[in-house]
Amino acid sequence: MIISEQYLKELLQKHYNMEVSSIEKILGYEDQNFLIQDAEGTKLIAKATTDLLDPYFLEAQLKAMAHLRKKDQNIRIQNVLANLDGGAYTVLEVDSSFLYLRVLSYLDGTFMGDLKDCPPEAIQSLGATLANMDLNLKDFSHPAAYRFTEWDLSQVLNCRDYLQEIKDHEKRTMVDYFLLQYEMEVTPLLHKLRKAVIHNDANDYNVLVKDGQVSGIIDFGDMVESHLINNVAIACTYVMFKKQDPLSAALTLIQSYHRIYPLLEKELSVLYYLIAARLCKSVTTSALQRSQSENAHHFISEKDAWTLMYQWIKINPLYAQNQFNLCCGYATVLGHEDLDLALKTERKQVVGANLSISYQKNLKITRGALQYLYDDKGDTYIDCVNNVSHVGHCHPVVVKAMQKQLAKLNTNTRYLHDGLVDYAKLLTSTLPAKLNVCYFCNSGSEANDLAIRISRHFTKQKDVIVLDHAYHGTSTVAMELSPYKFDSKGGSGQQPYIHKGMNPDLYRGHYRYGDKHAGEKYAADIAGIIKQLADKGTGIAAFICETLLGVGGQIPLPDGYLKAVYSHVRAAGGLCIADEVQVGFGRVGEKFWGFELQDVEPDIVVLGKPIGNGHPLAAVVLTEEVAAAFNNGLEYFNTYGGNPVSMETGIAVMNVIRDEELQQRALETGDFLLEGLRKLMEKHTIIGDVRGKGLFVGAELVRNRETLEPAVPEIDVIVERMRDRGFLISTDGPFHNVLKIKPPMVFNIENAVSFLTNLDEVIGGL
């Protein structure tokens, strides 16, 4: 029912004996709101509500306001004007509907949301005002306040029902991530947090500011009995809007609140996630209502909420908690060097000394959030190198799939379970039709080991051709396949049945950029090895190589290379194995698998790393012909390979790649990153080469572009300085002079811009 200005004027005359000189309709969330002026020029607010679901709750709101006014005559809330019967509101039956009318005093000021920049003194004032309200409501109760409302942060997980309304994949995933963190970090503590009847909605359009002070808090329509700290979290959320340093604004409010109504340390420990929860509720509701409503008030804070959420995920939760603690006079929660030293000492005592730790200043990473990592000192890092967390650290879809299956069943493949077949079908649907048989195991090393075992059985040969500087894992067989390991210090040396082909490096290899036939020439080297073996009466079991070379230097293969090599290998009776452990699952952007860039079909594909997003899962996929030969009566059994949890994890990863269009993200962000690095190469002569595909990127650093002298230790300085600036990268290549950039696939353009800007400054400062 739409209330006209004329009809409202008549109602005010009849029930309030009020002569109205002007009426203006103003925006509201649910009520129909009017700014009115009586005959004496006094401004008032009239609120009309039709078909009220809970009239008893309206009474609770008005009683709470009266309770506050009784406690403190100067409290900054509206007065309720009584009607001619002395009631706080008027009920009318109109056209078989009920109309609820109430009249409130007018509070002068500007909505906080309309301020270009809310000043610190106003934020302090809001903290004090809110604390006074909470103190005065401490002894207030009303049965209608003990209710369910979707705006109670205790109910925020219900937002999951509407996540699909957020159409932007990146935004939806971020909301889902924060909801997962609420479930894991806040829910277990809810029963320990103080509860009270709270206003529950000190948002930027419910708070009025005048002369740098809060002149009023309006709208008790979301009042509920909930956790006290929720009231603070909501207020913090909105004072952080439009702030370059949002956390500082929150601290100003918290400190002011705490002086009047002390917050408990346990409450502060979950405040970071409660603020995130309010943002989740706000943006999810906006997304839902966008498809149902044209009311502009429903979306008034949406843009600011998204901006803040992008800022918030970059803030280490431990850092935020520590700042909350310190501003309230509690102890620090950050780690310190003495604890790290003790941990390293204990690690040396119980863990093998040749298990390395990255960076000169070692990191203790305590949490992950998609493309971000948080350490125990409160610092945040953009992960630019961990291609294992393919779809992002702690991706909520993957985590929930694992949790759900782990709570249901985890056992081995000697029992039937749907997940094994479902995942095998899903995986093979992305591969050439002839690659349709799967074996599951636990790591890329184990998968490569199995692939070689299968090839040797199929061909009845033992010799394998690998590429120089290659790395295929840490099992005994995988180490034998890896010149990167067996040629290094402490390595066991090359076995007589392993043969090294040229590293097809177009930058510093035998055949270089500009040679149109480089791929065929490098392939001829493999043909030469095969001929040498044939001359000795020896065949080959397999040729194995990564479809883009990782440890070899982040090198895309020359055009036509694998097509020629595979032809030579198959002519000699060998099998062609594509190691997709580092480059598969859409990372190269242009294609889903690296070997597709070379327009070839392997006989065996080896999968690992990104396949489980950090969960120990790997696979070997092969042709029916090869699989049939391997089925020789000797059982293949792997205790953990193919277990239900791993299968659901793999399915979840594949679904995320598809549903969030991460292959396209890799293409777009990767192209942007490569172009940016090439521009830096024009500016900085230390960058000798930039290469890669999608989000598989390498930048080779040299001291001299003519001699190609590796820029070591300069590259190590760059890596350390980038770490200090919050970017985690690593080095690779035979001379350890290639910057390795292989971030989680959720790495975005903004991250790339920030990375390039900082790399430019770091190199410029060498």
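Predicted, not measured: the structure shown is a model, and the values here were computed from it.
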Would you call [X] and [Y] a side-chain contact if the rule is heavy atoms closer than 4.5 Å?
X    : Y    : result
N442 : T639 : no
F747 : D383 : no
L617 : Y423 : yes
I452 : N448 : no
H393 : N386 : yes
F630 : L450 : yes
I577 : V606 : yes
I687 : V702 : no

Kindly give the heavy-atom pair with the smallest separation between [X] and [Y], and that separation in Å.
X    : Y    : result
N387 : P610 : O-CB, 3.8 Å
L557 : E546 : CD1-O, 3.9 Å
A523 : V565 : CB-CG2, 3.6 Å
G368 : C394 : O-SG, 3.4 Å
A752 : L673 : CB-CD1, 4.3 Å
A447 : A619 : CB-O, 3.8 Å

Exam field: side chain [X] to backbone [Y], donor-acceptor pair closer than 3.5 Å:
X    : Y    : answer
E682 : L677 : no
S482 : Y484 : no
T428 : N436 : no
W593 : T430 : yes
H390 : F585 : yes
R456 : K462 : yes
E709 : T707 : no
R587 : P743 : yes
K460 : H457 : yes
Q598 : G594 : no

[X]-[Y] side chain donor-acceptor pair, cut-off 3.5 Å:
X    : Y    : result
E580 : T547 : yes
D340 : N362 : no
Y381 : D375 : yes
S646 : N643 : yes
E700 : N737 : yes
D760 : H684 : yes

L373 and side-chain contact (heavy atoms from CB on, under 4.5 Å): which partner among D379, L728, T380?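 Of the listed residues D379, L728, T380, the side-chain contact (heavy atoms from CB on, under 4.5 Å) partner of L373 is L728.
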Measuring from atom [atom1] of [X] to atom [atom2] of [Y], what distance do you get when rounded to the nearest 0.5 angstrom?
X    : Y    : atom1 : atom2 : value
K742 : S730 : NZ    : OG    : 9.0 Å
C545 : I465 : SG    : CD1   : 11.0 Å
H499 : D468 : NE2   : CG    : 14.0 Å
N354 : S356 : CG    : OG    : 9.0 Å
E660 : E170 : CD    : CD    : 9.5 Å
H395 : N613 : NE2   : CG    : 8.0 Å

Are the charged groups of [X] and [Y] less than 4.0 angstrom apart, N to O?
X    : Y    : value
D505 : R512 : no
R508 : D689 : no
D535 : K531 : yes
E661 : R665 : no
K563 : D599 : yes
R570 : D603 : yes
K693 : E590 : yes
K485 : E480 : no

Salt bridge (charged side-chain N to carboxylate O under 4.0 Å, His left out) evaluation trace for R725 with E761: CA-CA 11 Å; R725 288 168 173 249; E761 292 173 358; 2.6 Å; yes
When you look at I454 and I604, which way does the side-chain contact (heavy atoms from CB on, under 4.5 Å) test go after all the steps? CA-CA 9 Å; I454 291 170; I604 301 176; 4.2 Å; yes
As a quick check of understanding, evaluate side-chain contact (heavy atoms from CB on, under 4.5 Å) for V653 and V656, giving each step before the final call. CA-CA 5 Å; V653 170; V656 168; 5.8 Å; no
Steps toward side-chain contact (heavy atoms from CB on, under 4.5 Å) verdict (L467, F543): CA-CA 9 Å; L467 294 183; F543 166 80; 4.1 Å; yes
Would you please test L708 and Y507 for side-chain contact (heavy atoms from CB on, under 4.5 Å) and show each step? CA-CA 9 Å; L708 305 188; Y507 179 62; 3.2 Å; yes
Go through D515 and Y522 one step at a time and tell me if the side chain to side chain donor-acceptor pair (under 3.5 Å) criterion holds. CA-CA 11 Å; D515 187 339; Y522 278 117; over 6 Å; no
Give a yes or no on this: more than 12 heavy atoms of other residues, nucleotides or ligands lie within 6.0 Å of atom OH of Y640.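 Counting other residues, nucleotides and ligands, OH of Y640 stays at 12 neighbours or fewer.
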Mark yes when over 12 heavy atoms from residues, nucleotides or ligands other than E625 sit less than 6.0 Å from its CD; otherwise mark no.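 Open.
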Going through the distances and angles, do E714 and R703 end up as a salt bridge (charged side-chain N to carboxylate O under 4.0 Å, His left out)? CA-CA 9 Å; E714 291 89 341; R703 290 177 175 170; 2.9 Å; yes
Quick one: which of Q494, K500, H469 gives a side chain to side chain donor-acceptor pair (under 3.5 Å) with D487?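 The residue from Q494, K500, H469 that satisfies side chain to side chain donor-acceptor pair (under 3.5 Å) with D487 turns out to be K500.
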Can you check side chain to side chain donor-acceptor pair (under 3.5 Å) on D449 and S475, steps first, answer last? CA-CA 7 Å; D449 194 307; S475 70; 3.0 Å; yes
